[in-house]
Amino acid sequence: METLSFDASALKKFVHENELAEMQAMVTAADRQLRDGTGAGADFRDWLHLPTEYDKAEFARIKQAAKKIQADSEVLVVIGIGGSYLGARMAIDFLHDSFYQAQAPADRKQPLVLFAGNSLSSSYLADLLRLIGDRDFSVNVISKSGTTTEPSIAFRVFRQRLEAKYGEAGANARIYATTDRQRGALKTEADAAGWETFVIPDGVGGRFSVLTAVGLLPIAVSGADIDQLMAGAAKAAATYTDPDLTTNAAYRYAAYRNILYRKGYTTELLENYEPNMTMLAEWWKQLAGESEGKDQKGIYPSSANFTTDLHSLGQYIQEGRRNLMETVVKLTEPNHNLPVPSAKSDLDGLKYLEGKEIDWVNTQAYRAVVAAHTAGGVPVMTVNIAKEDEFTLGYLIYYFEVAMAISGYLNGINPFNQPGVEAYKTNMFGLLGKPGYEAIGQQLKKEIND
């Protein structure tokens, strides 16, 4: 089958035949804003051509650094938050064995890639230090500024461990900084200490950065083929250029979700039927939420893992408030397939399934859920993907990125900024007593005490 296909056939009772065509003029205008740079946030569109116009020399250095880490480390600790870790975490889960982290080193063959700096949990950091133990490890710290609280704290912790284990010079040889090309605290420190550095491009926002060094270095260290990842993205970039909704599946997805949003379906659940796609939804939630949630507008991004969550969220989806739409990422060819075993008795009532492939059962569950939810008043769209490999993932990443950009413009917003992210930081700095934020802290403490 083709790498990706979009199925909106279950929307017939929710969207009239004429409605998609009536979106064409708006979609064409949104495409022009995106391609010509006339829309808001035009300075952050470099991801559009990233699959083909990336820095080839840096790409080669990424692969060289990955080989060095694979040779001298059993663990790579990736320190970052938001777009600085979600893409890599998603890709590694998507591309590897479901129990990749539990595999013995000989079976995994490549370093264990673990993540820190994405929370302020001291227990998490302590547990991670204990897990690493005396094993050889390296650190990839990812931050545009170098002053974001969560990764900065984590980096201090793991840099201290590196220096205690290897000495200052040895630690410096095991630190890789992915940061701004020219400025910022992390860039300044990296240059002074001689760390190998990689660039977060100025024109690529964090949630669009998985196909830069931000994602590529950890993904390569895990043993995945980043050449194929970029090839898949390049294929998608070439495919989704014509704004014609009859041929452009990414734009069609953007159009349908906006049609549904205007009808009151304000929450979108991204769903899967494969547990190792859980982090795909987490990555997608940042992509959708930061791109669309502003000016008191936007589709709320949520997720569910099926069939697991049918036994917890299924009741609400079927009969709760009718403000939900669903988008399923459905895998056509699983990495492995097993038959339902035969048994001496039929106490579990499964005799009728004996010999059937479990993935076939999974697919029938998906079809049953679509039918039930559609009948219950929940619109369902499906993104079919061929397999879980690097080419397909690169293609899928670009598909969602370009769809969210178009979707944002359709809703009259800047899909490339995130002004609301700073609000909590200002309050947090005040409560922490950061210099310059004392007055804010005093006011907040008064409000809390009152």
Side-chain angles (χ1 to χ4, degrees), residues 6-16 18-20 22-23 26-27 29-30 33 39-41 82 86 207 245 249-272 278 280-306 309-310 312-329 369-383 399-421 423-424:
F6 175 69
D7 181 4
S9 60
L11 296 183
K12 291 177 182 177
K13 67 177 284 188
F14 305 96
V15 180
H16 299 130
N18 59 295
E19 290 184 84
L20 185 65
E22 290 168 0
M23 287 288 290
M26 288 182 281
V27 168
Q33 286 181 290
L86 281 169
R207 59 187 174 277
L245 287 171
Y251 286 23
R252 197 156 62 248
Y253 166 56
Y256 273 125
R257 64 198 299 273
N258 274 272
I259 291 170
L260 293 167
Y261 173 57
R262 287 156 173 75
K263 295 186 178 197
Y265 299 98
T266 56
T267 295
E268 181 177 7
L269 292 168
L270 191 80
E271 299 163 353
N272 64 76
T278 298
L280 173 68
E282 297 303 309
W283 169 81
W284 173 89
K285 284 192 285 190
Q286 185 197 11
L287 180 68
E290 281 194 352
S291 296
E292 295 191 306
K294 55 203 75 166
D295 300 330
Q296 289 75 57
K297 294 187 287 187
I299 300 166
Y300 180 76
S302 190
S303 62
N305 304 301
F306 288 169
D309 288 339
L310 290 170
S312 55
L313 299 177
Q315 171 62 41
Y316 187 94
I317 296 170
Q318 190 70 42
E319 296 185 346
R321 295 189 64 180
R322 301 297 76 185
N323 64 340
L324 303 177
M325 65 174 109
E326 299 174 271
T327 299
V328 182
V329 179
V369 170
V370 172
H373 289 182
T374 300
V378 182
V380 182
M381 300 171 281
T382 301
V383 177
Y399 172 88
F400 278 132
E401 287 180 343
V402 76
M404 288 305 164
I406 292 296
S407 188
Y409 283 136
L410 285 175
N411 206 14
I413 59 172
N414 179 352
F416 304 122
N417 68 351
Q418 55 275 347
V421 173
Y424 88 90

Between Leu324 and Pro379, which heavy-atom pair has the shortest distance, and what is it? O-CD, 3.2 Å
Could you pull out the closest heavy-atom pair between Tyr261 and Gly298, with the gap in Å? OH-N, 2.9 Å
Show, in sequence, the C-alpha distance, side-chain angles and deciding distance for Arg321 and Thr267, and conclude whether the side chain to side chain contact (heavy atoms under 4.5 Å, CB included) test is met. CA-CA 10 Å; Arg321 295 189 64 180; Thr267 295; over 6 Å; no
Within the side chain of Tyr409, is there an N or O that forms a donor-acceptor pair under 3.5 Å with the backbone of Met26? no
Of all heavy-atom pairs linking Ser303 and Glu282, the shortest is OG-OE2, 4.0 Å
Residue of the set Ile317, Val369, Thr382, Thr327 for which side-chain contact (heavy atoms from CB on, under 4.5 Å) holds with Glu271: Ile317
Grab the two heavy atoms, one from Val402 and one from Tyr251, that are nearest each other, plus how far apart they are. CG2-CE1, 3.9 Å
Considering non-hydrogen atoms only, spot the tightest contact between Tyr265 and Met325 and give its length. O-CE, 3.1 Å
Go through the side-chain N and O atoms of Gln315 and Glu319 and say whether any donor and acceptor fall under 3.5 Å apart. yes
Whether the side chain of Asp7 engages the backbone of Ser9 through a donor-acceptor N/O pair (distance < 3.5 Å, no angle test) should be reported. yes
Considering residues, nucleotides and ligands other than Lys297, do more than 12 of their heavy atoms fall under 6.0 Å from its NZ? yes
Please confirm whether the backbone N or O of Ala372 pairs with a side-chain atom of Gln318, one donor and one acceptor, at under 3.5 Å? yes
Once you round to the nearest 0.5 Å, how far does CG of Leu86 lie from CG of Leu287? 10.5 Å
Atom pair CZ/CG of Phe306 and Leu269 - distance to nearest 0.5 Å: 7.0 Å
Quick one: CG on Asn414 to CD on Gln33, what's the gap to the nearest 0.5 Å? 10.0 Å
Stepwise side chain to side chain contact (heavy atoms under 4.5 Å, CB included) test for Phe14 and Lys263: CA-CA 9 Å; Phe14 305 96; Lys263 295 186 178 197; 5.7 Å; no
Return yes if some donor-acceptor pair links the side-chain N/O of Arg322 with the main-chain N/O of Gly320 below 3.5 Å, else return no. yes
Sidechain N-carboxylate O distance under 4.0 Å for Arg262, Glu19: no
Classify the side-chain pair Ser407/Asn258 by whether it contains a donor and acceptor separated by less than 3.5 Å. yes
Donor-acceptor pair, side chain of Lys294 and main chain of Glu290, under 3.5 angstrom: yes
Run Ile259 and Leu11 through side chain to side chain contact (heavy atoms under 4.5 Å, CB included) and show every step you take. CA-CA 11 Å; Ile259 291 170; Leu11 296 183; over 6 Å; no
Any idea which heavy atoms bring Phe6 and Ala249 closest together, and the distance? CB-CB, 3.9 Å
Rounded to the nearest 0.5 Å, what separation is found between the CE atom of Met404 and the CD atom of Gln286? 12.0 Å
Would Arg252 and Met23 count as a side chain to side chain contact (heavy atoms under 4.5 Å, CB included) here? Give the steps. CA-CA 9 Å; Arg252 197 156 62 248; Met23 287 288 290; over 6 Å; no
Value for CD1 (Ile299) from CG (Leu260), rounded to nearest 0.5 Å, stands at 8.0 Å
To the nearest 0.5 Å, what is the distance between CH2 (Trp284) and CG (Asn272)? 12.0 Å
Relative to the ring of Tyr399, is the ring of Tyr253 parallel (under 30°), tilted (30 to 60°) or perpendicular (over 60°)? parallel
Glu292 versus Glu268: any side-chain heavy-atom pair under 4.5 Å? no
Can you tell me if Tyr300 has over 12 outside heavy atoms packed within less than 6.0 Å of its OH? no
